[in-house]
Structure formats: structure tokens, C-alpha cells
Amino acid sequence: MTEKESKKELYSYLHSKKLEERKLNQIEEAKAKLTKITTVLDGLPKRKTR
């Protein structure tokens with residue numbers, strides 16, 4: 001493998017790693033929002049059923 005090929009592979013790896021980190025952050029943000037929404041909804045008064 002040439003130096004140029006090695007650099008290209010390294011940049012590709014770094015790009016993939018950054019993309020992965022962004023996606024994980026998006027997942028964590030979504031989880032936090034869902035937890036907040038669930039907490040708010042759980043605090044609502046319950047409707048009586050017959």
C-alpha cells in the first residue's frame with residue numbers, strides 16, 4: 001500500500017468515525033427528548049374507564 005493510499009484510507013476511517021459519533025449524539029438527544037415527553041405524559045391525570 002502506498003503512502004497516498006494509506007492517507008486516503010485513514011481519512012475515510014476518520015470521516016466514518018465522525019459520522020458515527022454524530023449519529024450516536026443524535027440517538028442520545030432523541031432518547032433524552034423521549035424520556036422528557038414520557039415523563040410529562042405520565043404526569044397527566046388518568047381518565048376513568050367504565
Side-chain angles (χ1 to χ4, degrees):
M1 185 179 286
T2 66
E3 183 179 343
K4 189 175 183 178
E5 291 171 332
S6 296
K7 284 182 180 181
K8 187 176 180 179
E9 191 170 324
L10 179 59
Y11 284 122
S12 176
Y13 170 77
L14 292 174
H15 176 72
S16 296
K17 194 73 173 159
K18 286 181 183 180
L19 180 62
E20 178 185 8
E21 288 173 9
R22 274 188 254 133
K23 292 295 181 185
L24 288 172
N25 285 336
Q26 288 175 347
I27 290 169
E28 289 302 318
E29 288 173 10
K31 279 183 181 179
K33 287 178 184 178
L34 288 172
T35 300
K36 184 177 179 181
I37 290 170
T38 303
T39 303
V40 170
L41 291 176
D42 285 346
L44 295 175
K46 303 293 181 204
R47 192 169 135 194
K48 292 182 180 180
T49 57
R50 293 181 185 191

Euclidean distance, [Y] [atom2] relative to [X] [atom1], rounded to 0.5 Å:
X     : Y     : atom1 : atom2 : value
Glu3  : Lys7  : CD    : NZ    : 4.5 Å
Thr2  : Glu9  : OG1   : CD    : 10.5 Å
Leu24 : Glu20 : CG    : CD    : 5.5 Å

Quiz item: Counting distance only, does the side-chain N/O of Ser12 pair as donor-acceptor with the main-chain N or O of Lys8 below 3.5 Å?
Solution: no
